[in-house]
Protein chains: 2
Amino acid sequence: MVLARLILGLLCLAPMTGYELKKHFDSSINHFWNADKAQIYRTLAQLVDKGYATVTTVAQSNYPDRQEHHITDAGRQALVGWLSDGAAQGTERDPFMGQVFFAAELPREDIDQLLTERRVKTQAVLDDYLSQREGIDMRAAADRRSFLMAATLDHAIRQQAAELEWLDAVMEHLP
Amino acid sequence: MVLARLILGLLCLAPMTGYELKKHFDSSINHFWNADKAQIYRTLAQLVDKGYATVTTVAQSNYPDRQEHHITDAGRQALVGWLSDGAAQGTERDPFMGQVFFAAELPREDIDQLLTERRVKTQAVLDDYLSQREGIDMRAAADRRSFLMAATLDHAIRQQAAELEWLDAVMEHLP
DNA sequence: AGTAAGTGGGTGCAAAATCAACTAAATATG
DNA sequence: CATATTTAGTTGATTTTGCACCCACTTACT
């Protein structure tokens, strides 16, 4: 359901193929959502037969035909409906915290390793987000759309930074 | 998969019924995972027929029989295997950030309302976490197990606090 | 006396998500 | 020249999750 709305959101910015949607998910949406391509294509099909999008086949000289998906007015309404229906509350879900919660089953050095490993990964994710942000933040304050999109990336950056601080605190005080 | 490990982790602390597991999820695990009770009972059944747990029916005078689930050695090994298999990296997934990402489709006052509403909810979640922490932090530094369990709650608290700061920043600078 | 909430355990079903493979041509890289 | 990678989309099988319902009995509330 959320995926359907996110796809509508992207189609609202520009008509797109499933393939392009997948690339957007991998590049700009990845900090708060991701999706398997099979799931994207199937959701796209659902959107079409609900009347939220239409398809037009665009032939290309060298590459396969593009199945361009265009949002309809009904689709735009559905999107706005979702946005107006109140702030969503996603259920927290982090397998790593589960590992930490039960990490006492491991010997001390393995716990340290677990935390260190996560620290490396978190730092890598943070670096990725920071480099993503470099491309946008100059004109981000300009229009509202860009500002809000950049803001979600900032959120992810803050979350990763907070996690690094937490990891350091845990590693320092672990008895 | 993750749910199965979390259940094993809880069974590792003490033998339990599905009902008790659900209560643990709702009270102490909720800041990083939650689970439907149907899902818990089914996963429990899977654990039993994989040989990771055994059931013993304990009759009670007044209340229904308890199907007490005990972790086996194989179960303990599976748990430790998961913990040793490297730090998990959960895929970020927050529908609210999706709403923010596309919020420019809404008129300005609706955006403010969306953010304000989320702020209220986030504050409520934070308050809940803070009150949960009050019951544990005195002896939390004592043994490693309690420390690690409390640490995951601290993580959730930091995340919620970071989100509040972010929300305030967004509301202040939104063009 | 009647209703709610708690204890304990389930079933059925439908969405949603994941994994893996398969098609098929073009272009880039070694 | 051979092997990836990119473009574009599809199918099948399986797992995970969520929601709604059902049983039966007990204690607490009003």
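In what follows, every chain begins at residue 1, and chains take the letters A, B, ... in the order their sequences are listed.
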Within residues 87-100 of chain B: residues closer than 4.0 Å to DNA chain C (heavy atoms): B:R93

Interface with DNA chain C, restricted to residues 40-58 of chain B and to heavy atoms under 4.0 Å: B:Y41, B:R42

Residues forming a side chain to side chain donor-acceptor pair (under 3.5 Å) with B:D168, sequence neighbours excluded: B:R119

Covered region of DNA chain C, 5' end to 3' end, by chain A [heavy atoms, under 4.0 Å]: C:dA16 to C:dT27

Between the first and last five pairs of the helix from C:dA1-D:dT30 to C:dG30-D:dC1, the angle of the axes, rounded to 10 degrees: 40°

By ring pair (Phe, Tyr, Trp, His ring centres under 6.0 Å) - contacts of B:H155 (at least two apart): A:W166

Just the atom pairs and distances: protein N or O near nucleotides 20-28 of chain D's N or O, under 3.5 Å.
from	atom 1	to	atom 2	distance (Å)
D:dT27	OP1	B:N62	ND2	2.8

What pairs meet the ring-ring contact (aromatic ring centres under 6.0 Å, His included) rule with one or both residues in [range], with sequence neighbours excluded?
range	value
residues 49-74 of chain B	none
residues 74-94 of chain A	none
residues 84-117 of chain A	A:F101-B:F32

Hydrophobic cluster of B:V48, others only, ordered by chain and residue number, side-chain cut-off 4.5 Å: B:V55

Check residues 36-46 of chain B and write down every donor-acceptor pair under 3.5 Å in which the side-chain atom is one partner and the other belongs to a residue at least two apart or another chain.
from	atom 1	to	atom 2	distance (Å)
B:D36	OD2	B:A38	N	3.1
B:Y41	OH	B:Y19	N	3.3
B:T43	OG1	B:Q39	O	2.7

